[in-house]
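Numbers for residues simply follow the sequence, beginning at 1.
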Amino acid sequence: MVKEWLKKNVCMTQKNEVEPNSRDGTSQYSLSNGVLPSLGARSNRGIALRRFTVSPFDPRYKLWETYLVILVFYTAWVSPFEFGFLQKPIRQLAIADNVVNAFFAIDILLTFFVAYIDSHTYLLIDDKSKIAWRYLKTWFLFDTISTIPSEFVVKVVPDSVHAYGLVNMLRLWRLRRVSQMFSRLEKDRKVSYFWIRCCKLVFVTLFAVHTAGCLYYYLAANNSDPKKTWIALQIVDFHTADLWHLYVTTMYWSITTLSTTGYGDLHPVNIREMIFVLFYMLFNLGLTAYLIGNMTNLVVHGTSRTRNFRDTIQAASSFALRNRLPVRLQDQMLAHLCLKYRADSEGLQQQEILESLPKAIKSSISEFLFYQLLDKVYLFRGVSSDLLFQLVSEMKAEYYPPKEDVILQNEAPTDLYVLVHGAMELIVARHGTEQIIKEVKSGDVCGEICVLCYRPQLFTVRTKRLCQLLRLNRTTLLNLVQSSVGDGAIIMNNLLEHLKSQDDQTMQSVLRDVEKMLAQGQMDLPLGLCFAAGRGDETLLQRLLRRGSDPNELDVNGRTALHIAAAHGSVDCARILLSHGADPNIKDYEGSVPLWDAMLGNHDSLIKLLLDNGASLASGDVSQYGCYAIEQGNLKMLQTILKYGGDLTKANDSGTTPLHAAVTSGNTQIVTFLLDQGADIDSVDEHGWTPRALADFHGNEELTALFNSKKLSNISSYPRASDRKEGLTFRLTKYPSAGSIPVAPIAPVMIPVDKHPRRRVNNFQNSLFGFVSAASKGETTAEDDGTTHVMDNENQISRVILRCPGKSDARKLVRLPETIRELLEIGSKKFGCHCIKVQTIDGAEIDEIELIRDGDHLVLIHDDKNKSPQIS
C-alpha cells in the first residue's frame, strides 16, 4: 500500500518548473511552505528529485498532513480522557484508536521517503540514506512509541494498572503537528488572520480545560481514601456513577478554576489535590494573560486606524482654529486627510505598495498601468520608447479630493502632473478675482510650461472632483532627457506647437516668452544644433556653437544641422554653420550631402553658398541622385548633377549605374544623354545584368537599335546563369525635402538599392540562424561555381538565349515558357520564320521543356530543308 502511494506521489521527477495549483495562477508554494534560500543558494522548487522521493511541497503530501492533523484533534481529546477515566480499553474507543494508530504508522514509513531542507545549505535533500538517518536520530523513536497499541502494552505489563492510560498520554506527542498547522495558516494570505488566531486561542483553552479536568479526576479515582476527594463532596459513590455525569462534573470544576470565579461547591480536599490545584492556578495566570493579550491585540488592530484618523482630524481642526485659517483651507485640509484615510482603508495606497517592491517589478507595474496614457500626452508624443519607459517608472500616483489646489499660481516649478482620471481647472487671479482659463481633462498635462522654462507657475490648478494624478519631478525629468538630445528637441517642439495652437492671449504671450528664452539659451533642456536649424533660429544656433557644440553633430538619421538648413533653405543658418567649420560634403545615412538637399528644394542662393564653400556632389552617392532624377524623368536635374561635379557614369556599391535605371524606365532621351556622357552599355551590376541585356529583356527595340549603333562588345557580356540572381527586385529611392518635387514611383522601374540603408537586415548566411531564417522566408541556397546565391523560389524566372542560324546572327534573351510549342512560337515571332525544332549548341534535339535549364543557349531550326544550320 505504501509503495503504491509513493508511486502516485513521486514529485517533480520529470518536471523542472513549479506548477500552479490554484485558479488564479498562484504558485503551489506559499511563504509558509518553505525556507528562504541563503545568499547564492539555488532554488529548491525547480529541482528534479530522485525516483520514489516525495517533495515536502507536493500538494498531495500537504493534503495528507492536513488529514493527519484532523486525527490529532481526536487524539488530543481521547488520550487525556482514557488516562483519567478509563482503567481498561473500551471496545469502540479501542477500534478507533487502532485505526488512527495505523494511519500514523503509515506516516512513519512515508517519512523515510520525504525530502527535507538542509538547515545549513537550504538545499532540498533527496538522498534516502540521509533522509532515513535524519529521521532516526530525531523524531522516529517518539513517533513509534506513540503508535504502539494500548492492548499490546496491557498484555506485556499486566500487573500495571496505569499502563493503559500512560501509553495513551504518550500520543500527545502528535500535537506538534497542530502547532505547525496553525503557524502555516497564520502566514497564508488566503485565510483570515483574525479568525485563525481566534480558533487557535479557543483550541488551546479547550485542551487546557479538558486535560486539567482529566488529570484532576485521575487523582480522585486513584486516591487511597475515595471519600476524601474533591469529587466525593458532590458524588459520594462516584466509582459507580455514570461516566458522562463524572465528565461533566470534572469539566465544570476545570472551567470555574480556569476562569477564577471561585469554587463554592467543589474544592481540593487532600494534599495531592491542593498541590495540583496550586500548579494549575499558576498555569492559569499565564494562560489568561496570553488569551487577554492576544484578544486585545486583535481588537486594537482593527480599531487603531480609526482612532489614529480621529486623532489626526482633531489635531488638524485645532491647528486651523488656532491659526485662524480661512474656511476654504480648512475644508481642503480635512478633505485631504479623509481621502488619505479612505485610500488606506480601501487598499488604494498605490505608491506605498510600489515603493516597497524591487525596481524591476515596480517599473513593469508602472508600464502596464500608465504607459498607454503617457504615450498619448502631447508633450511626449514622438519621443523614444526608452525615455517614455523611464518616465513612467519615475512617476508617482496620487489622489486629490475635489476643490483642492494642486498647483498654486506664482509658486516655484517643482513638478508636472498628468491627469489619469477626474477633472481640474486652470485658474488665474486677476484684480482680486479668479478667472477660469481652461478645464483639464483625462490625459492632459499641467505645469509643464513652467517646469521646462523654469519660471513661476502661471496658473492655479484646482480639482473639480476626485482626481488621480501622475506626478513627475522636474529634476528627474531633466536628468532623464540629458542623455538624449533628440528627445529634448522633440519635447520642446511639442510644447511650441501646442502653444501655437492655443487661441488664448495668455498662451500667445507665453509662446513669445518661450521663444525669447530659446534665443537667449536659457532653457535647461538639452537642445542641439539640428533643433535650432530646423526652427531657423540663428541666435540659438550661434549661442550653441559658442558653447562648444560640434557643427557636424548628427541626429538619429545621421543628418547634420547643415543638411536641415539646406533642406529648409535657411541661408543665414547655413552661413553660420559653415563659418564655424561645418563640413559641406558630409553624408547622412542615406548618402545625401547638403548640396543635394538644397537642389531638391530649388534653393538657388543656398546652392551658390555651398558651392562657394567647396561643396560638390561627387562626395555623395551620385548614382542614387541620378536614379532619382531618372525616376522623375527630369533631364534638367541630370544636367545639374553633372554641372555640380557628379559623375553619372560611375556605379554604386552594387554595380548599378544610372544607365541601368534609364534603360528600365525606357526613356530614350535620358539614355542618349547618358551615352553621350560616356556611360558603358556593357557595365555589369552585381546581378550580372548589362544595360544592353535589360533593353533586350524588356523588348525595347528603340534602345536595342541605339545600342547596336554603338561599338559592340563581346557577346560574353550577357549575364551568365552562374552570375545572375533570379527574382531580383529593386527598391525605389525617395528623397524627402521641404518643398521638393513629389515622388511618384514608376512601374516597372529598376532603381538600385540605397547605399546606406537605415536598417539593414543581416541574414547571417553562413550560420545556422541564416539557414533557419532563409527557410522561414521561403528562400533556398544554391551553390554554383563556388559562389553562394540566395534566390526567391516564388519569384524565380528561367531565361534562355535563342539563336536561329540562317535567319539572323542576333541572339534573343527570352523567358522560358511552359512547353516546347510555346518556345517555338516565341522563336518564330522573334526571327520571322517557322521554327520546328529546338537543339542544344552541340546539336542534340530537345523534346521536353524540363530538360532546359536557366541560362542555356539554344538553337532553333526553321523549315528551310535546303539550308544546313551552322552551329557554333
Side-chain angles (χ1 to χ4, degrees), residues 336 339-340 343-344 347-400 404-408 411-422 424 440-459 461 463 466-496 498 514 523-528 531 556:
H336 185 81
L339 179 62
K340 187 177 185 302
D344 292 341
L348 298 178
Q349 54 272 36
Q350 288 185 144
Q351 199 58 43
E352 290 78 0
I353 295 175
L354 290 177
E355 291 298 335
S356 64
L357 297 174
K359 184 174 179 59
I361 299 178
K362 180 174 67 174
S363 300
S364 300
I365 294 174
S366 299
E367 180 189 13
F368 175 78
L369 293 175
F370 305 120
Y371 185 89
Q372 297 296 331
L373 174 70
L374 202 64
D375 189 33
K376 298 177 181 179
V377 174
Y378 85 88
L379 190 64
F380 306 115
R381 190 175 298 122
V383 300
S384 63
S385 300
D386 293 338
L387 176 64
L388 204 60
F389 178 78
Q390 296 177 57
L391 291 175
V392 170
S393 302
E394 295 296 336
M395 285 190 162
K396 302 182 185 301
E398 297 177 346
Y399 284 92
Y400 286 86
E404 182 172 348
D405 293 337
V406 180
I407 298 176
L408 292 178
E411 74 173 352
T414 56
D415 304 280
L416 64 83
Y417 297 85
V418 178
L419 182 60
V420 179
H421 65 75
M424 300 188 299
V440 181
K441 299 180 180 179
S442 177
D444 291 345
V445 60
C446 55
E448 76 283 6
I449 300 174
C450 301
V451 164
L452 296 178
C453 303
Y454 198 67
R455 55 179 297 172
Q457 295 289 352
L458 300 173
F459 314 103
V461 180
T463 59
L466 179 64
C467 296
Q468 183 186 15
L469 300 173
L470 295 179
R471 178 170 59 88
L472 179 62
N473 184 263
R474 178 180 184 272
T475 304
T476 303
L477 171 63
L478 296 180
N479 290 339
L480 293 177
V481 179
Q482 286 295 334
S483 59
S484 177
V485 178
D487 287 332
I490 292 174
I491 291 175
M492 184 53 62
N493 274 326
N494 291 337
L495 177 62
L496 294 175
H498 175 72
V514 172
M523 304 298 295
D524 291 330
L525 280 179
L527 302 176
F531 172 78
V556 293

| If you round to the nearest 0.5 Å, how far is OG of S385 from CG of L387? | 9.5 Å
| Non-hydrogen atoms of Q468 and L419 that approach each other most closely | O-CD1, 3.7 Å
| message | According to side-chain contact (heavy atoms from CB on, under 4.5 Å), who are the partners of E394, at least two apart in sequence or on a separate chain? | response | K359, L472, T476, L480
| task | Take L470 and F370 through the side chain to side chain contact (heavy atoms under 4.5 Å, CB included) test and state the conclusion after the steps. | result | CA-CA 9 Å; L470 295 179; F370 305 120; 3.7 Å; yes
| said: Tell me the closest heavy-atom pair linking L458 and C450, and the distance in Å. | reply: N-SG, 3.5 Å
| Within-4.5 Å side-chain heavy-atom neighbours: D375 and F380 | no
| Are side-chain heavy atoms of Y400 and L469 found at a separation under 4.5 Å? | yes
| remark: Sequence neighbours excluded, the answer for side chain to side chain donor-acceptor pair (under 3.5 Å) partners of Y378 is E448
| Nearest-0.5 Å distance that lies between atom NZ in K376 and atom CZ in R381 | 11.0 Å
| task | Hey, could you give me the CG/CG distance between L379 and D444, rounded to the nearest 0.5 Å? | result | 11.5 Å
| query | To the nearest 0.5 Å, how far apart are CG in D415 and CD in Q457? | reply | 9.0 Å
| request: Mind checking the CZ-OG spacing from F389 to S366? Nearest 0.5 Å is all I need. | output: 8.5 Å
| query | Do you know the tightest heavy-atom contact between I407 and G447? | reply | CD1-CA, 4.0 Å
| Could you state the interatomic distance from CG (D405) to OG1 (T463), rounded to the nearest 0.5 Å? | 8.0 Å
| said: Please find the pair of heavy atoms, one from R471 and one from E398, that lie closest to each other, and give the distance. | reply: NE-OE2, 2.7 Å
| note | Here the pair of heavy atoms bringing V451 nearest to L477 is CG1-CD2, 4.3 Å
| field | Considering all heavy atoms, the nearest M395-V418 contact | value | CE-CG2, 3.9 Å
